[in-house]
Amino acid sequence: MEIIESPQEMQRLAESYRKAGLAVAFVPTMGYFHEGHLELMREGKRLADRLVVSIYVNPAQFSPGEDFERYPRDFERDRKLASTVGADVIFRPSNAQMYPPGHLTYVNVLAMTGRLCGESRPNYFQGVTTICTKLFNIVKPHLAVFGKKDFQQYQVIRRMVLDLNLDLEIVGLATVREEDGLAMSSRNVYLKPDERASALSLVKSLKAAQELYDRGERDSRTILERVRGMIEGHPGCGIDYAGIFNTETFEDMERVEGQAVLALAVKVGKTRLIDNHVFGEELRF
Ligand code: PAF
């Protein structure tokens, strides 16, 4: 497995893969791998001849007061884990390489980024779409694999790829969960034992919502009352948002009809967790 730090070197290698007719899969990450990341990598490996994984904690997607400084980092651990799933390259650029002095260019997807995570994290989507565009230009992948735990991010990236005619396919993978149902996230390490118990209210409320749906309930307000009640009944939980949205536009849906996602962002203690469920899809828990 190669470790590459320079964007130019990565571009040269990517070009040589393409010239040799090799299909390249890409998994962009901020590191501190968990089983969810490894699943994305296994899928990339399954779908292509070469797998490139990036590790870069992107400052542009954090707003002031968020956890950029304390975001967990452990490159040696990540290196070992990536090699166990057969990654061919880890691309690990520095801030100076990704945002050189005088950097002025950003990519923005409109409308659908203004709600949910875009509302509570003002810099988030501009940072994500800008860094992903840059990484796609450097790694030149044929496909990139994203987790659907970050459902809005996944849909925003798909929209951007379509709108900008980017020459790659976006593959989405179902959320990977711990045995108790908690969605895997690098931020789960922040949770204290009692907070972890409260954090399970997210997945439990998603399950309750699907059960209401299965019994024929289609009124969003009724479903959301149940969801909010379940989350707020747990100590230390504060809802940032809990809503039922159109999966493409992220507008509110009064009734659960067509493609609807129940999306949650909840602060458990100081840790902000997100989770979601698309009605009618399997909730593996
Ligand atoms: O989902 C993430 O880990 C990040 O938002 C991403 C896609 C790697 C961009 O920094």
Side-chain angles (χ1 to χ4, degrees), residues 4 7 10 25-41 43-44 51-63 66-75 77-78 81-82 85 87 89-95 97-99 103 105-109 112-113 116-118 120-139 141 143-161 164 166 168-177 183-190 263 265 271-276:
I4 296 184
M10 184 66 243
F26 176 44
V27 177
T29 81
M30 300 205 299
Y32 211 71
F33 296 153
H34 50 68
E35 192 53 32
H37 292 114
L38 301 183
E39 274 297 297
L40 303 181
M41 295 180 207
E43 185 66 3
L51 171 64
V52 180
V53 178
S54 66
I55 299 179
Y56 180 60
V57 185
N58 172 32
Q61 70 191 70
F62 290 79
S63 298
E66 291 186 1
D67 58 346
F68 174 68
E69 298 296 342
R70 70 180 188 118
Y71 194 86
R73 295 160 168 91
D74 187 342
F75 181 68
R77 177 177 168 277
D78 285 347
L81 286 171
V85 294
V89 180
I90 292 181
F91 175 54
R92 191 198 181 203
S94 67
N95 288 337
Q97 283 158 326
M98 296 314 280
Y99 297 102
H103 179 273
T105 308
Y106 291 91
V107 177
N108 272 298
V109 173
M112 67 191 289
T113 57
L116 289 78
C117 287
S120 30
R121 306 187 65 193
N123 295 345
Y124 181 66
F125 283 114
Q126 174 177 281
V128 167
T129 45
T130 301
I131 199 67
C132 285
T133 306
K134 288 163 74 69
L135 290 168
F136 294 161
N137 284 334
I138 293 168
V139 176
L143 63 97
V145 195
F146 285 81
K148 290 191 190 171
K149 193 206 63 150
D150 299 282
F151 185 75
Q152 192 183 9
Q153 168 177 279
Y154 163 69
Q155 291 292 57
V156 167
I157 296 290
R158 287 182 61 218
R159 182 79 252 166
M160 178 186 84
V161 165
L164 296 182
L166 300 184
L168 80 160
E169 185 192 340
I170 300 299
V171 177
L173 281 201
T175 302
V176 178
R177 296 181 182 280
M184 289 204 182
S185 162
S186 303
R187 290 190 168 98
N188 289 350
V189 292
Y190 298 152
T271 309
R272 187 176 177 281
L273 301 176
I274 58 171
D275 206 342
N276 72 82

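First listed ligand is number 1; within each ligand, the first listed atom is number 1. These numbers come from the heavy atoms of this one structure, side chains and all, not from hydrogens, waters or symmetry mates.
Across all non-hydrogen atoms, the minimal contact from Val27 to Leu40 is CG2-O, 3.7 Å.
Of all protein heavy atoms, the one closest to atom 10 (O) of ligand 1 is Gln61 OE1, 2.7 Å. Scanning the protein for heavy atoms near atom 3 (O) of ligand 1, the closest one is Met30 CG, 3.7 Å. Considering only non-hydrogen protein atoms, atom 7 (C) of ligand 1 sits nearest to Gln153 NE2, 3.7 Å.
Looking only at atom types and distance, the side chain of Thr113 has no donor-acceptor partner in the side chain of Arg159 under 3.5 Å away. Using modelled atom types, one finds a donor on one side chain and an acceptor on the other under 3.5 Å when comparing Asn58 with Tyr99.
No N or O atom of Tyr56 sits closer than 3.5 Å to an N or O atom of ligand 1. Considering backbone and side-chain atoms together, Asn58 places no N or O closer than 3.5 Å to any N or O of ligand 1.
With ligand atoms numbered from 1 in the order given, ligand 1 contributes 9 (C), 10 (O) to contacts under 4.0 Å with heavy atoms of Ile131. For ligand 1 and Val128, the ligand atoms under 4.0 Å from any heavy atom of the residue are 5 (O).
Within the 4.5 Å cutoff, side-chain heavy atoms of Phe136 are placed close to those of Val161. In this structure, the side chains of Arg272 and Arg121 come closer than 4.5 Å at one or more pairs of heavy atoms.
In this structure, Asp150 contributes its side chain and Gln153 its backbone to no donor-acceptor pair below 3.5 Å.
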